[in-house]
Asker: 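One structure follows; several queries about it will come next.
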Amino acid sequence: MITHLANPDRQLAADIRAGSITFAGNKRMKIFGTLRCAQGKRMKRENRIFFQSIDEAINEGYRPCGHCMNVAYHKWKMDLFNNNIDETRNLLPQDGTVNYYGNILSPKAADRYLDYLLASIPWQHDEAVIFGKHYLTKRKVAWYADMPYEYTYSKVTKRAVVWTAELLELKAIVEQKTGERFNSCLLNLYHDGNEGMAWHSDGEKDLMKDGAIASLSLGAERKFAFRHKQTKETISLMLPHGSLLVMKDTTQTHWLHRLPPTTTVKRPRVNLTFRMMLR
DNA sequence: GGCCTTGCATGGAC
DNA sequence: GGTCCATGCAAGGC
(Lines give C-alpha, C1' and ligand atoms only; values in the text may rest on other atoms or scores of the structure.)
Protein backbone atom coordinates (compact mmCIF):
# COMPACT_ATOMS: atom_id res chain seq x y z
CA MET A 1 0.00 0.00 0.00
CA ILE A 2 1.30 3.42 -0.97
CA THR A 3 -0.16 6.68 0.31
CA HIS A 4 -0.36 9.60 -2.04
CA LEU A 5 1.68 11.91 0.16
CA ALA A 6 4.62 9.53 0.23
CA ASN A 7 5.10 9.71 -3.55
CA PRO A 8 5.60 12.55 -6.02
CA ASP A 9 2.72 13.08 -8.49
CA ARG A 10 4.94 12.59 -11.47
CA GLN A 11 6.10 9.20 -10.26
CA LEU A 12 2.52 8.13 -9.46
CA ALA A 13 1.25 9.24 -12.87
CA ALA A 14 4.00 7.26 -14.59
CA ASP A 15 3.26 4.18 -12.49
CA ILE A 16 -0.48 4.40 -13.27
CA ARG A 17 0.26 4.78 -17.03
CA ALA A 18 2.57 1.81 -16.87
CA GLY A 19 -0.12 -0.20 -15.07
CA SER A 20 2.21 -1.07 -12.23
CA ILE A 21 -0.14 0.42 -9.65
CA THR A 22 -3.87 0.79 -9.37
CA PHE A 23 -5.66 2.63 -6.62
CA ALA A 24 -8.68 2.80 -4.37
CA GLY A 25 -10.56 5.56 -2.58
CA ASN A 26 -10.49 4.82 1.05
CA LYS A 27 -11.26 1.33 2.17
CA ARG A 28 -13.04 -1.77 0.97
CA MET A 29 -14.77 -2.76 -2.22
CA LYS A 30 -13.81 -1.00 -5.42
CA ILE A 31 -10.80 -0.21 -7.50
CA PHE A 32 -10.85 2.89 -9.61
CA GLY A 33 -8.69 3.15 -12.69
CA THR A 34 -8.42 6.91 -12.92
CA LEU A 35 -7.93 9.79 -10.56
CA ARG A 36 -11.73 10.00 -10.32
CA CYS A 37 -13.97 7.76 -8.27
CA ALA A 38 -16.57 5.47 -9.87
CA GLN A 39 -19.10 8.32 -9.78
CA GLY A 40 -16.80 10.60 -11.75
CA LYS A 41 -16.00 12.85 -8.80
CA ARG A 42 -12.46 13.91 -8.27
CA MET A 43 -10.98 12.36 -5.20
CA LYS A 44 -9.15 14.48 -2.71
CA ARG A 45 -5.52 13.87 -3.44
CA GLU A 46 -4.32 13.28 0.05
CA ASN A 47 -7.01 10.62 0.60
CA ARG A 48 -5.86 8.52 -2.31
CA ILE A 49 -4.27 5.21 -1.50
CA PHE A 50 -2.47 3.19 -4.16
CA PHE A 51 -1.94 -0.52 -4.53
CA GLN A 52 0.34 -2.52 -6.76
CA SER A 53 -2.30 -5.15 -7.47
CA ILE A 54 -6.00 -5.74 -7.09
CA ASP A 55 -5.29 -8.61 -4.71
CA GLU A 56 -3.23 -6.38 -2.50
CA ALA A 57 -6.04 -3.82 -2.44
CA ILE A 58 -8.65 -6.43 -1.60
CA ASN A 59 -6.46 -7.89 1.11
CA GLU A 60 -6.11 -4.44 2.66
CA GLY A 61 -9.92 -4.03 2.53
CA TYR A 62 -11.16 -0.74 1.08
CA ARG A 63 -14.36 0.99 -0.01
CA PRO A 64 -15.40 3.69 -2.47
CA CYS A 65 -15.12 7.37 -1.72
CA GLY A 66 -17.92 9.25 0.03
CA HIS A 67 -19.68 10.12 -3.23
CA CYS A 68 -19.91 6.46 -4.19
CA MET A 69 -21.04 5.54 -0.71
CA ASN A 70 -23.86 8.10 -0.94
CA VAL A 71 -25.01 6.66 -4.27
CA ALA A 72 -25.01 3.15 -2.82
CA TYR A 73 -26.90 4.39 0.24
CA HIS A 74 -29.58 6.11 -1.88
CA LYS A 75 -30.01 2.98 -4.00
CA TRP A 76 -30.46 0.97 -0.82
CA LYS A 77 -33.06 3.47 0.43
CA MET A 78 -34.96 3.30 -2.86
CA ASP A 79 -34.94 -0.51 -2.74
CA LEU A 80 -36.32 -0.28 0.76
CA PHE A 81 -38.97 2.26 -0.31
CA ASN A 82 -40.01 0.05 -3.21
CA ASN A 83 -39.86 -3.03 -0.98
CA ASN A 84 -37.20 -4.65 -3.16
CA ILE A 85 -35.96 -6.63 -0.19
CA ASP A 86 -35.00 -10.29 -0.39
CA GLU A 87 -36.14 -11.60 2.99
CA THR A 88 -34.52 -14.96 2.40
CA ARG A 89 -31.01 -13.59 1.86
CA ASN A 90 -28.60 -14.40 4.69
CA LEU A 91 -26.60 -11.31 5.59
CA LEU A 92 -23.93 -13.43 7.30
CA PRO A 93 -21.35 -15.24 5.17
CA GLN A 94 -21.04 -18.15 7.62
CA ASP A 95 -21.85 -19.53 11.08
CA GLY A 96 -25.32 -18.08 11.50
CA THR A 97 -28.38 -16.63 9.81
CA VAL A 98 -29.55 -13.01 9.74
CA ASN A 99 -32.52 -12.01 7.57
CA TYR A 100 -33.56 -8.44 6.90
CA TYR A 101 -37.25 -7.84 6.14
CA GLY A 102 -37.14 -4.08 5.48
CA ASN A 103 -40.14 -2.02 6.55
CA ILE A 104 -42.92 -4.23 7.85
CA LEU A 105 -45.03 -1.33 9.15
CA SER A 106 -46.51 1.57 7.20
CA PRO A 107 -44.96 4.93 8.18
CA LYS A 108 -48.22 5.94 9.84
CA ALA A 109 -48.49 2.73 11.87
CA ALA A 110 -44.82 2.94 12.83
CA ASP A 111 -45.33 6.53 14.05
CA ARG A 112 -48.37 5.49 16.06
CA TYR A 113 -46.57 2.59 17.77
CA LEU A 114 -43.51 4.72 18.49
CA ASP A 115 -45.65 7.44 20.12
CA TYR A 116 -47.44 4.82 22.17
CA LEU A 117 -44.24 3.13 23.34
CA LEU A 118 -42.51 6.40 24.26
CA ALA A 119 -45.52 7.59 26.25
CA SER A 120 -46.85 4.44 27.86
CA ILE A 121 -44.05 1.97 28.61
CA PRO A 122 -42.70 2.19 32.19
CA TRP A 123 -39.11 2.62 30.98
CA GLN A 124 -36.36 2.00 33.50
CA HIS A 125 -32.60 2.45 33.32
CA ASP A 126 -30.79 -0.83 32.85
CA GLU A 127 -28.07 -2.15 35.13
CA ALA A 128 -24.79 -3.71 34.09
CA VAL A 129 -21.76 -5.17 35.89
CA ILE A 130 -18.54 -4.83 33.91
CA PHE A 131 -15.06 -5.51 35.30
CA GLY A 132 -16.62 -5.55 38.77
CA LYS A 133 -18.12 -2.08 38.39
CA HIS A 134 -21.85 -1.54 38.67
CA TYR A 135 -23.37 0.82 36.08
CA LEU A 136 -26.78 2.36 35.48
CA THR A 137 -27.15 2.73 31.71
CA LYS A 138 -28.34 5.90 29.98
CA ARG A 139 -30.56 3.83 27.69
CA LYS A 140 -33.75 2.46 29.23
CA VAL A 141 -35.35 -0.96 29.04
CA ALA A 142 -38.63 -2.79 29.64
CA TRP A 143 -39.26 -6.49 29.64
CA TYR A 144 -42.54 -8.15 28.66
CA ALA A 145 -43.59 -11.81 28.35
CA ASP A 146 -46.39 -14.37 28.49
CA MET A 147 -45.59 -14.99 32.14
CA PRO A 148 -43.34 -13.29 34.72
CA TYR A 149 -40.24 -15.07 33.40
CA GLU A 150 -36.86 -14.24 34.88
CA TYR A 151 -34.02 -13.30 32.55
CA THR A 152 -30.41 -12.76 33.59
CA TYR A 153 -27.77 -10.89 31.61
CA SER A 154 -24.73 -8.92 32.62
CA LYS A 155 -25.18 -10.50 36.05
CA VAL A 156 -28.52 -8.75 36.63
CA THR A 157 -31.82 -10.65 36.85
CA LYS A 158 -35.06 -9.14 35.56
CA ARG A 159 -38.65 -10.24 35.95
CA ALA A 160 -41.01 -9.73 33.01
CA VAL A 161 -44.44 -8.10 33.14
CA VAL A 162 -47.30 -9.34 30.96
CA TRP A 163 -48.03 -7.98 27.49
CA THR A 164 -49.99 -4.85 26.68
CA ALA A 165 -52.54 -4.98 23.84
CA GLU A 166 -50.26 -2.94 21.54
CA LEU A 167 -47.26 -5.18 22.18
CA LEU A 168 -49.40 -8.22 21.43
CA GLU A 169 -50.39 -6.59 18.11
CA LEU A 170 -46.73 -6.06 17.22
CA LYS A 171 -45.85 -9.60 18.30
CA ALA A 172 -48.58 -10.96 16.03
CA ILE A 173 -47.31 -8.91 13.08
CA VAL A 174 -43.72 -10.10 13.62
CA GLU A 175 -44.79 -13.73 14.07
CA GLN A 176 -46.88 -13.60 10.92
CA LYS A 177 -44.00 -12.07 8.97
CA THR A 178 -41.29 -14.43 10.20
CA GLY A 179 -43.23 -17.66 10.78
CA GLU A 180 -41.61 -17.88 14.24
CA ARG A 181 -43.22 -17.90 17.69
CA PHE A 182 -42.13 -15.67 20.58
CA ASN A 183 -43.03 -15.58 24.26
CA SER A 184 -41.16 -12.49 25.41
CA CYS A 185 -39.83 -9.12 24.34
CA LEU A 186 -36.99 -6.93 25.59
CA LEU A 187 -37.55 -3.27 24.73
CA ASN A 188 -34.68 -0.77 24.56
CA LEU A 189 -35.02 3.00 24.40
CA TYR A 190 -32.02 4.95 23.06
CA HIS A 191 -32.75 8.65 23.63
CA ASP A 192 -30.29 9.79 20.95
CA GLY A 193 -27.12 8.74 19.09
CA ASN A 194 -24.98 9.09 22.23
CA GLU A 195 -26.60 5.96 23.55
CA GLY A 196 -25.76 2.60 22.04
CA MET A 197 -24.91 -0.95 23.00
CA ALA A 198 -21.42 -2.45 23.04
CA TRP A 199 -20.43 -5.73 21.34
CA HIS A 200 -22.27 -8.67 22.87
CA SER A 201 -24.26 -11.75 21.96
CA ASP A 202 -27.58 -12.90 23.35
CA GLY A 203 -26.49 -16.29 24.58
CA GLU A 204 -28.08 -16.47 28.02
CA LYS A 205 -29.15 -19.82 29.36
CA ASP A 206 -32.74 -18.59 29.84
CA LEU A 207 -33.02 -18.16 26.06
CA MET A 208 -33.91 -21.02 23.76
CA LYS A 209 -30.63 -22.13 22.16
CA ASP A 210 -30.37 -21.10 18.49
CA GLY A 211 -33.91 -19.70 18.67
CA ALA A 212 -34.89 -16.75 16.50
CA ILE A 213 -34.60 -13.22 17.90
CA ALA A 214 -36.65 -10.69 15.94
CA SER A 215 -35.60 -7.05 16.21
CA LEU A 216 -38.19 -4.40 15.31
CA SER A 217 -36.85 -0.84 15.02
CA LEU A 218 -38.90 2.30 15.58
CA GLY A 219 -37.73 5.92 15.52
CA ALA A 220 -34.32 7.17 14.49
CA GLU A 221 -32.45 5.17 11.86
CA ARG A 222 -29.31 3.64 13.39
CA LYS A 223 -26.42 1.52 12.22
CA PHE A 224 -26.31 -2.09 13.46
CA ALA A 225 -23.22 -4.27 13.17
CA PHE A 226 -22.14 -7.90 13.49
CA ARG A 227 -18.60 -9.10 14.22
CA HIS A 228 -17.45 -12.70 13.97
CA LYS A 229 -15.90 -13.84 17.25
CA GLN A 230 -12.97 -15.61 15.57
CA THR A 231 -12.35 -13.98 12.20
CA LYS A 232 -13.31 -10.45 13.39
CA GLU A 233 -15.11 -9.94 10.08
CA THR A 234 -17.75 -7.22 10.42
CA ILE A 235 -21.08 -6.76 8.63
CA SER A 236 -23.20 -3.66 9.15
CA LEU A 237 -26.51 -2.29 7.95
CA MET A 238 -28.86 0.59 8.71
CA LEU A 239 -32.11 -0.10 10.59
CA PRO A 240 -34.80 2.47 9.73
CA HIS A 241 -38.18 3.29 11.30
CA GLY A 242 -40.53 0.28 11.10
CA SER A 243 -37.95 -2.26 9.92
CA LEU A 244 -37.44 -5.85 11.03
CA LEU A 245 -34.25 -7.91 11.38
CA VAL A 246 -34.13 -11.57 12.49
CA MET A 247 -31.12 -13.40 13.95
CA LYS A 248 -31.29 -17.17 14.25
CA ASP A 249 -29.46 -20.51 14.13
CA THR A 250 -25.90 -20.28 15.47
CA THR A 251 -25.65 -16.50 15.10
CA GLN A 252 -25.35 -15.89 18.86
CA THR A 253 -22.67 -18.59 19.21
CA HIS A 254 -20.34 -17.22 16.55
CA TRP A 255 -21.20 -13.52 16.13
CA LEU A 256 -21.30 -10.47 18.37
CA HIS A 257 -23.58 -7.56 17.54
CA ARG A 258 -23.71 -3.93 18.59
CA LEU A 259 -25.45 -0.60 18.13
CA PRO A 260 -22.56 1.86 17.71
CA PRO A 261 -22.99 5.32 19.20
CA THR A 262 -23.03 8.20 16.76
CA THR A 263 -22.95 11.95 17.17
CA THR A 264 -25.16 12.59 14.15
CA VAL A 265 -28.45 11.12 15.46
CA LYS A 266 -30.50 13.43 17.69
CA ARG A 267 -33.81 11.56 17.86
CA PRO A 268 -34.84 8.53 19.96
CA ARG A 269 -34.95 4.95 18.77
CA VAL A 270 -37.02 2.19 20.34
CA ASN A 271 -36.01 -1.39 19.65
CA LEU A 272 -38.19 -4.41 20.40
CA THR A 273 -36.44 -7.77 20.48
CA PHE A 274 -38.90 -10.66 20.47
CA ARG A 275 -37.45 -13.88 21.89
CA MET A 276 -38.35 -17.38 22.99
CA MET A 277 -37.52 -17.99 26.65
CA LEU A 278 -37.22 -21.43 28.22
CA ARG A 279 -39.98 -22.01 30.73
C1' DG B 1 -1.63 21.04 -4.24
C1' DG B 2 -0.90 20.70 0.48
C1' DC B 3 -1.14 22.00 5.37
C1' DC B 4 -4.11 22.40 9.23
C1' DT B 5 -8.14 21.54 11.71
C1' DT B 6 -12.28 19.29 12.94
C1' DG B 7 -15.54 15.71 13.13
C1' DC B 8 -16.47 11.14 13.39
C1' DA B 9 -16.04 6.03 13.85
C1' DT B 10 -13.64 2.28 15.81
C1' DG B 11 -11.21 -0.77 18.90
C1' DG B 12 -8.71 -1.90 23.11
C1' DA B 13 -8.09 -1.69 28.09
C1' DC B 14 -10.16 -1.80 32.40
C1' DG C 1 -24.31 -4.97 26.62
C1' DG C 2 -20.14 0.97 30.15
C1' DT C 3 -16.59 4.38 29.71
C1' DC C 4 -12.45 6.44 28.40
C1' DC C 5 -8.76 7.13 25.41
C1' DA C 6 -5.80 6.68 21.28
C1' DT C 7 -5.82 6.31 16.52
C1' DG C 8 -6.87 6.96 11.84
C1' DC C 9 -9.77 8.38 8.20
C1' DA C 10 -12.49 11.86 5.54
C1' DA C 11 -13.38 16.28 4.33
C1' DG C 12 -13.56 21.42 4.58
C1' DG C 13 -11.04 25.87 4.82
C1' DC C 14 -7.60 28.45 3.08
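Quick note on labels: first sequence line is chain A, next is B, and so on, each numbered from 1.
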Asker: So, A:S243 side chain and A:P240 main chain: donor-acceptor pair closer than 3.5 Å or not?
Answerer: yes

Asker: Determine, for A:D126 against A:K158, whether the closest basic-nitrogen to carboxylate-oxygen distance falls under 4.0 angstrom.
Answerer: yes

Asker: Please check if atom CD in A:E150 has more than 12 non-hydrogen atoms from other residues, nucleotides or ligands closer than 6.0 Å.
Answerer: yes

Asker: Starting the side chain at C-beta, find the nucleotide from B:dT10, B:dC8, C:dG2 nearest to A:T137.
Answerer: C:dG2

Asker: Scan residues 241-259 of chain A against DNA chain C and write down, sorted by residue number, each residue with any heavy atom closer than 4.0 Å; if none is found, say none.
Answerer: none

Asker: Please pick, from C:dT3, C:dG2, B:dT10, the nucleotide with the shortest atom-to-atom distance to any side-chain atom of A:K223.
Answerer: B:dT10

Asker: What is the nucleic acid contact for A:G132, judged by heavy atoms within less than 4.0 Å: base, sugar-phosphate only, or nothing?
Answerer: nothing

Asker: Hey, does the side chain of A:D249 reach the backbone of A:T251 with a donor-acceptor pair shorter than 3.5 angstrom?
Answerer: no

Asker: Quick one: CG on A:D192 to CG on A:N194, what's the gap to the nearest 0.5 Å?
Answerer: 4.5 Å

Asker: Can you tell me if A:T262 touches the phosphate of B:dA9, counting only side-chain N or O atoms and a distance under 4.0 Å to OP1 or OP2?
Answerer: yes

Asker: Minimum heavy-atom separation for A:P268 and A:L189, please, with both atom names.
Answerer: CB-CD1, 4.2 Å

Asker: What is the minimum heavy-atom distance between A:R181 and A:M276, and which atoms define it?
Answerer: O-CE, 3.3 Å

Asker: From the list B:dG11, C:dG2, B:dC8, which nucleotide is the closest neighbour of the side chain of A:W199?
Answerer: B:dG11

Asker: Taking A:L167's backbone N and O only, do any of them form a donor-acceptor pair with A:T164's side chain (distance below 3.5 Å, no angle check)?
Answerer: yes

Asker: Not counting sequence neighbours, list each pair that qualifies as a ring pair (Phe, Tyr, Trp, His ring centres under 6.0 Å) and has a residue in residues 228-247 of chain A.
Answerer: A:H228-A:W255

Asker: Could you tabulate the donor-acceptor pairs under 3.5 Å formed by side-chain atoms of residues 99-106 of chain A, not counting sequence neighbours?
Answerer:
residue: A:N99; atom: ND2; partner: A:E87; partner atom: O; Å: 3.3
residue: A:N99; atom: ND2; partner: A:R89; partner atom: O; Å: 3.0
residue: A:S106; atom: OG; partner: A:A109; partner atom: N; Å: 3.1

Asker: Please list residues of residues 203-212 of chain A whose heavy atoms come under 4.0 Å from any atom in DNA chain C, ordered by number; otherwise none.
Answerer: A:E204

Asker: Distance check: side-chain N/O of A:T263 vs OP1/OP2 of B:dG7, anything under 4.0 Å?
Answerer: no

Asker: Nearest whole angstrom, please: distance from the P of C:dG2 to the NE2 of A:H125.
Answerer: 13 Å

Asker: CE of A:M197 versus P of B:dG11: gap in Å, rounded?
Answerer: 17 Å

Asker: Does any pair with a residue in residues 118-146 of chain A pass ring pair (Phe, Tyr, Trp, His ring centres under 6.0 Å), and if so which ones, sequence neighbours excluded?
Answerer: A:W143-A:Y151

Asker: Is it true that a side-chain atom of A:N188 and a backbone atom of A:V270 form a donor plus acceptor pair closer than 3.5 Å?
Answerer: no

Asker: What N/O pairs connect the protein and nucleotides 12-14 of chain B at under 3.5 Å? Give each pair on its own line.
Answerer:
none

Asker: Using atom OH of A:Y190 as one end and atom C1' of C:dG2 as the other, report the distance to the nearest whole Å.
Answerer: 13 Å

Asker: Could you check how far CG of A:L136 sits from P of C:dG2, rounded to whole Å?
Answerer: 11 Å

Asker: Contact class for A:V156 (heavy atom, under 4.0 Å): base, sugar-phosphate, or nothing?
Answerer: nothing

Asker: Heavy atoms under 4.0 Å, any strand shown: does A:D202 hit a base, just sugar-phosphate, or nothing?
Answerer: base

Asker: In whole angstroms, how far is the P atom of B:dT10 from the CZ atom of A:R222?
Answerer: 11 Å

Asker: Hey, does A:K133 reach any base, or is it just sugar-phosphate, or nothing, if we go heavy atoms under 4.0 Å?
Answerer: nothing

